[in-house]
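Below, each value reflects all heavy atoms present in this structure, side chains not excepted, and no hydrogens, waters or symmetry copies. Residues take their numbers from the sequence shown, with the count starting at 1.
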Amino acid sequence: MGFDPLESAPAILALIVALLVWRRHRVDRRARVFLALAASELAFGFPLLIATMRLPESRAALAAIDGFLLGAGFLSATIFLHFGLSFPHARPWLRRGNIKVFYLASILVGLAPVAAIMLGPAAQTDARNALDGTLIGLGILVVLASVAACIAIYRSYREMTADERRIYRVPVLGVLVGMIAGMVVDVVVGLMFATVFRDSRSLLWTANVLATAAELLLPLFFFMAAVTYRLLERHSPDYVSVN
């Protein structure tokens, strides 16, 4: 285990795609949100790298690691939801600025383990004991955010005119399929690691291949939407408008 560059290849590709799109559409917040999404996905390899190292013994360092895991997970789920609510059109709920509450919550969640050490060793011990249950809840939250993001993209697509749906069917539905595929594969892989299948190398190898393929769909179709179909250029007024 650890930070495996090969397994991180989809996230690296997504970051490259996000940077290319961001250079072309710097004023479009959708490009910035996708860049943040790609960066957050890549960042998840670093806790694995930390896990392979000797953990520090100080209470402050342990709290910082716990806070990073919780805050990064919550933040990644929020960015994923933000992207779904903004592509290809911004949903009214997003345009009212409600997403800021989730970003603030991710910061507070990340600071909670650090704040616990100020209350003493007993409070920090209780906080660490609650970490496993919190991570399970975070996994459920990620799934819920993913489902909400997929629903938002499909509803936004259905609100297009018939001509727009005909023109943008491939890139928009491709992005949607990529998000659904990544979500389903992540759930399946998680279930495999939690059952007796975790001891089967062939099944784990197959799961890793499927996960890699699923993670490649989203950045490729987003790149197609932004560059080949120029969707961000033609629909930027729909995103920046405020009700």
Side-chain angles (χ1 to χ4, degrees), residues 8-43 75-99 102 142 145-186 209-243:
S8 301
I12 295 173
L13 175 62
L15 184 61
I16 294 174
V17 167
L19 287 170
L20 292 174
V21 174
W22 174 75
R23 288 194 62 185
R24 294 170 61 103
H25 306 281
R26 296 190 182 188
V27 298
D28 195 312
R29 282 173 288 177
R30 289 168 296 185
R32 296 200 294 268
V33 171
F34 189 79
L35 177 59
L37 176 62
S40 68
E41 291 295 322
L42 184 61
L75 180 63
S76 180
T78 300
I79 296 174
F80 200 88
L81 177 62
H82 192 170
F83 176 74
L85 290 170
S86 64
F87 183 86
H89 302 285
R91 310 305 302 165
W93 186 89
L94 178 63
R95 289 199 294 265
R96 289 192 290 267
N98 295 328
I99 196 69
F102 288 89
V142 170
S146 302
V147 171
C150 293
I151 293 174
I153 286 180
Y154 182 73
R155 289 186 61 185
S156 183
Y157 169 75
R158 294 299 302 173
E159 291 176 2
M160 285 182 170
T161 65
D163 288 339
E164 287 177 330
R165 287 198 299 270
R166 176 180 54 80
I167 295 172
Y168 299 117
R169 180 177 292 113
V170 172
V172 174
L173 295 186
V175 167
L176 180 60
V177 169
M179 295 177 73
I180 294 175
M183 177 180 62
V184 171
V185 170
D186 286 342
V209 172
L210 292 176
T212 300
E215 292 171 359
L216 288 173
L217 292 177
L218 177 57
L220 291 178
F221 277 107
F222 181 71
F223 183 80
M224 180 187 298
V227 177
T228 304
Y229 288 82
R230 303 177 66 182
L231 188 148
L232 300 187
E233 297 177 20
R234 297 175 182 176
H235 288 273
S236 56
D238 298 325
Y239 183 72
V240 299
S241 61
V242 178
N243 289 345

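- Here CE of Met179 is found 13.0 Å from CD of Glu215. Values are rounded to the nearest 0.5 Å.
- Side chain of Thr228 to backbone of Ala225: no donor-acceptor contact under 3.5 angstrom is found.
- A salt bridge between Glu159 and Arg91 is present, with a side-chain N of the basic residue lying under 4.0 Å from a carboxylate O of the acidic one.
- The side-chain contact (heavy atoms from CB on, under 4.5 Å) test with His89 is passed by exactly one of Arg30, Arg155, Met160: Met160.
- Between Ala77 and Ala145, the shortest heavy-atom contact is O-CB, 3.7 Å.
- Listed by chain and residue number, Leu15, Ala18, Leu19, Trp22 satisfy the side-chain contact (heavy atoms from CB on, under 4.5 Å) test with Leu35 (two or more places apart in sequence, or in another chain).
- Residues Ser146 and Phe80 meet the side-chain proximity criterion, which asks for heavy atoms closer than 4.5 Å.
- Here the CZ atom belonging to Arg169 is positioned 12.5 Å from the CD atom belonging to Glu164, to the nearest 0.5 angstrom.
- Separation of atoms CG (Leu94) and OG (Ser86) is listed at 6.0 Å; rounding is to 0.5 Å.
- Counting heavy atoms from C-beta on, the side chains of Arg165 and Val172 never come closer than 4.5 Å.
- Between Pro88 and Leu231, the shortest heavy-atom distance links the atoms CB-CD2, 3.8 Å.
- Using a 4.5 Å heavy-atom threshold, the side chains of Val177 and Phe221 count as separate.
- Environment of OH in Tyr229: crowded, with over 12 heavy atoms of neighbouring residues, nucleotides or ligands closer than 6.0 Å.
- When every heavy atom of Leu217 is checked against every heavy atom of Ala181, the shortest pair comes out as CD1-CB, 4.1 Å.
- Of all heavy-atom pairs spanning Gly84 and Ala152, the tightest one is O-CB, 3.5 Å.
- Under a 3.5 Å cut-off, the side chain of Arg32 and the backbone N or O of Arg26 do form a donor-acceptor pair.
- The environment of OH in Tyr157 is crowded: more than 12 heavy-atom neighbours from other residues, nucleotides or ligands sit within 6.0 Å.
- To the nearest 0.5 Å, the span separating CG on Leu13 from CG on Leu216 amounts to 6.0 Å.
- Taking NE2 from His25 and CG from Leu20, the interatomic distance works out to 10.5 Å, rounded to the nearest 0.5 Å.
- Ring planes of Phe83 and Phe34: tilted class, angle from 30 to 60°.
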Derivation and outcome, side-chain contact (heavy atoms from CB on, under 4.5 Å), residues Met183 and Val147: CA-CA 8 Å; Met183 177 180 62; Val147 171; 3.8 Å; yes
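- Atoms CG and CD1, from Leu176 and Ile153 in turn, are 6.0 Å apart once rounded to the nearest 0.5 Å.
- In this structure, Phe222 has its ring center under 6.0 Å from that of Phe87.
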